[in-house]
Every structure is written in structure tokens, then in C-alpha cells.
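This is a predicted model, so every value here is computed, not measured. All values below come from the heavy atoms of this structure, side chains included, with hydrogens, waters and symmetry mates left out. Residue numbering restarts at 1 for every chain, and letters A, B, ... go by the order of the sequence lines.
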Amino acid sequence: MINALFEYGGLLQKAVWETLLMVGITMTVAVVLGGPLGLILFLTSRGGLIEHRWFNEILGYAVNVLRSFPFIILLVVLIPVTRFLVGTSIGPRAAAVGLSVAAIPFFARLVEQSLRDVPIGVVDAARSTGASVLQIVRFVLLPEAMPALVSSFTVTAISFIAYSAVAGAIGAGGIGDLAIRYGYYRFESEVMIWCVIVMFALVQAVQWLGSWAARAVDKR
Amino acid sequence: MNDAANPVMNAAIEMRGVSKRFDIQTGVVHALRETDLDIAPGEIVGLLGFSGAGKSTLLRLMNVLETPSSGTVRIGGRDLTGLNDAELRAARRKIGMIFQQFNLLSHDTALENVAFALRIAGVGKTERDKRAREALDIVGLSDKAGSYPAQLSGGQRQRVAIARALVNEPGVLLCDEATSALDPHTSLSILRFLKDLNKKRGTTIVVVTHDIKVASYICSRCAIMQDGQIIEWIDMADPKPESSLGRFFMETAKGWSDDTVLPEENA
């Protein structure tokens, strides 16, 4: 086991960085695009602050279509888009495109649910003092939902660490790729085991950080 | 801001032909049937009824938290139903509201919760902290300014909510089951505070409740509500209820007994 670590340590280290790169890009896109998408889904939903029935339905439909793609199929379908954006369809940057496309609707739904869990009375109280929709979003909805939003971020990050390993099947690089090429195709079980150990450590670390952050922002 | 355009104290409430319909999947719910209502400046009026009678809907129509399906709502002579969004928000600053569940921001301290009402009106930090402190002082919570809602008792939370509702010096205070979640002695102390506020500032107060004790203590008159309408008005100084629901409420003011006649389901 230890010998394998010495032999493949460099590869493993490179794989960890590639995984972190993929997940880092993915989470950035998820927050920047998926976050506002979730907010808009919430605000335009039935009884929402800017209720808009057909717009909400179209948006919800689009999100569901993306979410219903089996992930590996989505990666393959997106290959032309990936080539256009990154210039190649392999490597961590290329995989980040597919991962990001999958993460946007994933995170958006979690954000929508987090906002839905803010007691409606708090919004009523803000409206009764004369707050505008933007003020309610900024001073009420986002701060009140913050512990849930942090948890949603954590869940998304962990899910996409796992997805990034799946992307290894089409040459994404990262820990999953290493596990498949060495552990599976070349029967180097020890590499496989190390890959699993590293993935486990990564997930634990993210979960621990996420739980800590969620507690830190929770005043309830 | 637009304060000059808004009524300050002693605002009257006039509603004409106001109704509220909700379209739901199984059909239409008439939460409030066409209702006229006049509340004089400085009055304390109760809206009394069982759950689903439409009393909260009627209250929420007064500051247009619910948009009326028909009719007009005037506060201090100003028609709120004809206002654009910005005008309506400015008008709401002069209509305070408190709730059964207090509805405080859990991530903000008591002081920040009160200052919130000023913050959204664009009042600067120094000024809003000063005024929020004064408001907390009025409700007797100066020493709790830095506490989060989770660290306060129910009664203290409701006092913070009252301070938030009063910090813009509203002419009207709307109370939606404001004491229903509190124990009797806390309820009484909150109601005493409201009564005193009405006496000192002349604030018009509307109280939604299903508790006749609340209504008979604080209100000069009460609308008995059933099935989305006001079925009668009762003068609390000289109550002469005519509906079975009105009689039920007045009778149970003394307490329940084996002889208490339950009201008919649909009077």
C-alpha cells in the first residue's frame, strides 16, 4: 500500500488538483448562475413576491429537463459545446463545462427550497414596513436562508466531487480518471484504494467545513 | 421620504365594497365578501371570529398586504388601492403591523430588527440606531438591544415587534392575533401597553382575535365575523349581541359553562 503511494504519489497529487479545479469551477458557476436562477424560481412561483405563472413554468421545465439527463449522457451531449468553449473535450477544464451545466439546475433547486423554508410571516412583516422586493431579498430572504444556503452549497459541492469522478470515464482527469485508468483498466487495486481514500478525505473535509460554516451563520 | 404626503396620527380607516377572492384549484374561495367598514381616528376596534372567518384577510387588506379583488381602502383619507408600488410602500410605513408569530429577523439583534423599518426607508445608521433605541426604550427593552430573538421570551419578542411597528410613528397599528401565542399575563401586559399607546398617541388600533377576553378588554367595539363577512357590530361598553355567534362570544366572556350555547355553524 505504502509503496504504491510512493510510486503513484505524483499522479495522485496531480489528480487531486485536477479534481479541485473541476469542482472549484463548477461551484463558482453554480453560485453565480444557479443561485440567481433559484431566487428567480422562488420569486416568480405561485404566491411569490413577483409571481409570474408561465415564466416560472418555462424556467422550471428547463431546470427539470437538465436535471433529468443522466450525467454521463449530458457530458457526451455537451461535447460540441465544450469544444467550442474550451477547445478540447478532455481534461479537467473540459469536464468543468459539463459539470457546471449539471450543477446550475441542481444548486438552483436547492436555493429555491432554502428560500421556501424562510417563514412567510417574516416576509409579511417586511412588506408591512414598506420594504421593496429587492430589499426583502437582500435584508430578509438571503440572510434568513443563509444557514440553509450554506448547507445547499455543501451538498452541491459533495455531489459534484462525486460527479467529477464519474466524468473521469470520459477522460476528465482528476481522481476518478486516475482510479479508472490505473485501478480499473490496469488492475492496480492499490491505486484504486488510494483514490477512494483521497475522495473520502475530500468529502469529509468539505462536509466538515460546510457544517461549521452553516452553524457560524445560524442565529436561531 | 414621502412622509409629508402621508397621514401621521389619528388616521381613520374607510373601506368601501372591499372583497377578496382567492382562485384555487378546486374553485374560488371568498375570503372576504363585499364589506364596508369605518373606523374613526383613535378608535380601538376588534375583528372577532373563528378561524377562517376572514378577519385576518380583512386586516391584511387594510395595508394592502392582500390586494383587494374589489373596492377601495382609505387610510387617513388616502386611497391605498390606487397607489403605485413606491407610493404604497411609503404609505405602509405609517401603518404598523404586528403578528401572532412576531416575525422577527432571526439573524438580526433586537436593535437591528427595530432599525430595519428605518433602514428600508433610507434612514442613515446613526439616526436609525438612535430612533430604534428610543423605540426599544418605549417598549421597556432598552437592556435587550443586543440580544437575538432566540435569546428573548415570547413577550419580549412581541415587544421588539411592536417597537419595529412603532418606530415610523404610524397613525394606525394592525394587530394580527398579536397575543394568541403568549401566556395570559404576558398577553395582558402587551394589551395594556397598546391601550396606553392609544391613549397617549391616539394611534388607531385594529385587533384581530378569536379571544373575547382580548376584545372586551381593549376594544370599544367589535365586528363579529363569519364566513367572510361582518355579521354584526357590538358596542363593547354596552354589548347587545343579536347573532348566535355574537351571543356565544359575549356569554363566554364570563367563562365557559355546561350551559354555554354553541353558535350555529352558519348563522
Atom group of [X] that falls short of 4.5 Å from chain A, counting heavy atoms:
{"X": "B:Val64", "result": "backbone"}
{"X": "B:Leu104", "result": "backbone"}
{"X": "B:Leu65", "result": "both"}

Taking the side chain as every heavy atom from C-beta outward, state whether [X] and [Y] have any atom pair closer than 4.5 Å.
{"X": "A:Thr26", "Y": "A:Ser164", "result": "no"}
{"X": "A:Leu49", "Y": "A:Ile136", "result": "yes"}
{"X": "B:Leu47", "Y": "B:Val207", "result": "no"}
{"X": "B:Met225", "Y": "B:Leu32", "result": "yes"}

Throw together a table of side-chain donor-acceptor distances under 3.5 angstrom for residues 15-24 of chain A, partners on residues two or more places apart or in other chains.
from	atom 1	to	atom 2	distance (Å)
A:Glu18	OE1	A:Gly174	N	2.6
A:Glu18	OE2	A:Lys14	NZ	3.2
A:Thr19	OG1	A:Ala15	O	3.1
A:Thr19	OG1	A:Ile175	N	2.9

Which atom pairs, one donor and one acceptor, sit under 3.5 Å between chain A and chain B?
from	atom 1	to	atom 2	distance (Å)
A:Arg46	NH2	B:Asp23	O	3.2
A:Gly121	O	B:Asn103	ND2	2.9
A:Asp124	OD1	B:Arg60	NH2	3.4
A:Asp124	OD2	B:Arg60	NH1	2.8
A:Asp124	OD2	B:Arg60	NH2	3.4
A:Arg127	NH1	B:Leu65	O	3.3
A:Arg127	NH2	B:Leu65	O	2.9
A:Gln135	NE2	B:Ile120	O	2.9
A:Glu144	OE1	B:Ser106	N	3.4
A:Glu144	OE1	B:Ser106	OG	2.9
A:Glu144	OE2	B:Ser106	N	2.7
A:Glu144	OE2	B:Ser106	OG	3.3
A:Glu144	OE2	B:His107	N	3.2
A:Glu144	OE2	B:His107	ND1	2.5

Legend entry - Least distance between heavy atoms, B:Val160 atom then B:Val114 atom: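 Distance-wise, the nearest heavy atoms are O-CG2, 3.8 Å.
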
Inset, instruction - Identify the heavy atoms of B:Ile120 and A:Phe139 that sit nearest to each other, and give their distance. - result: CG2-CD1, 4.2 Å

Inset, instruction - Under 4.5 Å heavy-atom distance to chain B, tell me which part of A:Pro143 shows up: side chain, backbone, both or neither. - result: both

Inset, instruction - Classify the angle between the aromatic ring planes of A:Trp208 and A:Trp212 as parallel (below 30°), tilted (30 to 60°) or perpendicular (above 60°). - result: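 Aromatic pair A:Trp208/A:Trp212 classed parallel.
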
